[in-house]
Amino acid sequence: MTGPSIVWFRDDLRIADNPALRAALDRGEPVISLYVLDAESDGVRPLGGAARWWLHHSLASLDARLRERGSLLILRRGPAERVVAETVRDAAAGAVLWNRRYGEAERAVDTALKAGLREDGVEVESFAASVLFEPWTVRTGVGDHYSVFTPFWKACLALPAPRAPLPEPREVPGPARAPATDDLDEWSLLPTDPDWAEGLRETWEPGEPAARRRLRAFLDDDLGSYDAARDEPAAGATSLLSPRLRWGEISPYTVWHETVDAARSGRHAASAHRFLSELGWREFAWHTLFHFPALADKNLKPEFDAFPWPRLRPTMLEAWQRGRTGIPLVDAGMRELWRTGYMHNRVRMVVASFLIKNLMIDWRRGEEWFWDTLVDADTANNPFNWQWVAGSGADAAPYFRIFNPELQAAKFDPDGRYVARWAPDADERDQIVDLRETRQAALEAYEAVKRAR
DNA sequence: GCCCTATTGCA
DNA sequence: GCAATAGGG
């Protein structure tokens, strides 16, 4: 069917290595780039506050890049299945292209839309773009999915290497008459009353060009120290790519290949290997979500349903959220998060362990807070990693592995630079719980899980 | 991807 | 008295 090609952008806000966009350009018809803000489809999780901030700026950046190339980004809001179908009808489009999603609710939308459009004679095609290995391609010897990371990643690495990234298009010709679009400002994605985004503006530049520069700077300047320093929150040794990958401003294929190239030309084999395995954890989280769609709600290990969470104490939860626990490393992490929409990975593990094991608050409350405050939270990695810390997840830390925030600080922030930066006053506070007593109580509560096994 | 405790070896 | 290490949660 002839007629313009619609590229439905979702978590892939880039023009380089975007197979759906590439396929649209190859059709030779004008291209309509569409983004749908969908808070209505069944089971699709509404974005958190920090995510909305990032999305606003990333969409603005994508629109600017499309305008430089002869078109623009069309914005619509509403349930995606209806909105995309309407856009197809209004534009008399001949094809709709998108990059695949792996959550259950998202797949349901995409599958229904695909069927409906094909019935109307519209070409529909989808592509792999946000994971290096799609969930159904990685199987154990007996055909199961993996539940332990190391064999999972080994199996991935034994598959054919991820394809090379596609080059960035020079032109994206739009139709003579562009379809109607919403005004991005009308979506009110940015906070106004109050405007709490100052720290985010100071910290981040969303958008594809900045994402590419960040990868380059990381590989050129920081890769060498990554393996040794990645666990030190004050070292600045990590890639800071997580939000860029979450929004698809850069593709994992690009990260993969540029990292492999950097390692080939340098002496950073151990660091490159380690960094790629972090991409592997990201893959593992998406695969786990694909096979266990209730990841954000249900314990992956059902015996954890027996865990005796005490009645929620809102003041404890709030002290944690605001960084007022009196535990320096915990407060530093929670304030970094509140200010910047980000937290160093080592500190994420520490604050999560503290919430779950010392405060005995259900991991879901922590997951919700991170969902609302992190710029990089996605529907797979956020719950996956919370379950990992809780002990209820895939290849999780055993429950009895309880982080001691003071020892973690001594080990990974020995000169106290990170704590001094984010929580210089934390030492003056009373600690809201006794680390030793609460650790013991958590170990005793864990007995219920062991009995339920 | 950990922490705690007890024990051992050495001073 | 301390550091290193094993064993177990």
Side-chain angles (χ1 to χ4, degrees), chain A residues 146-154 156-157 225-235 237-239 241-242 270-288 300-301 303-304 306-308 325 327-330 333 343-360 363 366-367 370 376 380-414 418 431 433-453:
Chain A
Y146 285 95
S147 54
V148 176
F149 175 72
T150 305
F152 165 80
W153 192 229
K154 237 183 102 184
C156 290
L157 295 177
S225 60
Y226 181 75
D227 192 42
R230 59 184 294 275
D231 273 324
E232 297 166 24
T238 59
S239 73
L241 286 175
S242 56
S271 276
H273 192 259
R274 173 59 77 106
F275 181 60
L276 291 176
S277 88
E278 297 304 319
L279 278 188
W281 278 98
R282 177 179 176 276
E283 300 279 315
F284 193 36
W286 280 108
H287 287 223
T288 303
L300 193 55
K301 293 181 182 165
E303 63 264 32
F304 272 75
F307 193 86
T325 67
I327 318 287
L329 186 58
V330 172
M343 194 193 305
H344 186 279
N345 177 253
R346 167 64 43 181
V347 190
R348 293 189 197 198
M349 293 192 277
V350 172
V351 303
S353 168
F354 180 77
L355 182 80
I356 298 166
K357 296 168 188 186
N358 297 104
L359 298 185
M360 290 263 264
W363 62 265
E367 195 276 341
F370 272 29
D376 63 19
N381 283 271
N382 195 46
F384 175 94
N385 285 315
W386 273 94
Q387 293 219 42
W388 184 89
V389 177
S392 61
D395 197 15
Y399 194 88
F400 48 75
R401 244 186 221 166
I402 299 174
F403 285 77
N404 178 328
E406 290 171 343
L407 284 177
Q408 290 284 312
K411 249 189 237 178
F412 299 112
D413 188 34
Y418 179 78
Q431 305 199 341
V433 289
D434 182 273
L435 292 175
R436 194 186 167 87
E437 283 170 13
T438 51
R439 171 181 197 279
Q440 206 43 50
L443 286 173
E444 281 158 25
Y446 174 61
E447 294 299 315
V449 173
K450 275 179 23 188
R451 284 195 299 276
R453 197 160 48 192

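Lettering follows sequence order; numbering is per chain, from 1. Bear in mind the structure is a predicted one, so any value in this text is a computation, not a measurement.
- Within the nucleic acid shown, A:R436 comes within 4.0 Å of sugar-phosphate atoms alone, with no base atom in reach, counting heavy atoms only.
- For the contact set between residues 442-453 of chain A and DNA chain B, defined by any heavy atom under 4.0 Å, there are no members.
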Distance-only criterion, 3.5 Å: show the donor-acceptor pairs between side-chain atoms of residues 388-398 of chain A and protein atoms not counting sequence neighbours.
from: A:W388; atom 1: NE1; to: A:D395; atom 2: O; distance (Å): 2.9
from: A:S392; atom 1: OG; to: A:N299; atom 2: OD1; distance (Å): 3.4
from: A:S392; atom 1: OG; to: A:Q387; atom 2: OE1; distance (Å): 2.8
from: A:D395; atom 1: OD2; to: A:F149; atom 2: N; distance (Å): 3.0

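- A:K357 comes within contact range of no nucleotide atom at all, as no heavy-atom separation falls under 4.0 Å.
- In this structure A:A380 satisfies the side-chain contact (heavy atoms from CB on, under 4.5 Å) test together with A:A285, A:W286, A:L289, A:D378, sequence neighbours excluded.
- Not counting sequence neighbours, A:Q440 has no partner by the side-chain hydrogen bond (donor to acceptor under 3.5 Å, both in side chains) test.
- Contact check of residues 395-404 of chain A against DNA chain B (heavy atom, cut-off under 4.0 Å) returns A:R401, A:I402, A:F403, A:N404.
- Under the side chain to side chain donor-acceptor pair (under 3.5 Å) criterion, the residue pairs touching residues 349-360 of chain A are A:N358-A:T438, with sequence neighbours excluded.
- Considering only residues two or more places apart in sequence or on other chains, A:F403 meets the ring-ring contact (aromatic ring centres under 6.0 Å, His included) condition with none of them.
- For DNA chain B, the span of nucleotides reached by chain A at under 4.0 Å from its heavy atoms goes, 5' to 3', from B:dG1 to B:dT5.
- For the salt bridge (charged side-chain N to carboxylate O under 4.0 Å, His left out) condition, the pairs that include at least one residue of residues 276-288 of chain A, sequence neighbours left out, are A:R230-A:E278.
- Nearest heavy atoms, A:W386 versus A:W363: CE3-O, 3.7 Å.
- Heavy atoms of A:E278 sit under 4.0 angstrom from at least one base atom.
- Taking A:A228 as the reference, nothing meets the side-chain contact (heavy atoms from CB on, under 4.5 Å) condition, with sequence neighbours excluded.
- A search for ring-ring contact (aromatic ring centres under 6.0 Å, His included) contacts involving A:Y446 returns A:Y399, not counting sequence neighbours.
- For the salt bridge (charged side-chain N to carboxylate O under 4.0 Å, His left out) test, residues two or more places apart in sequence or in another chain that qualify with A:E447 are A:K450.
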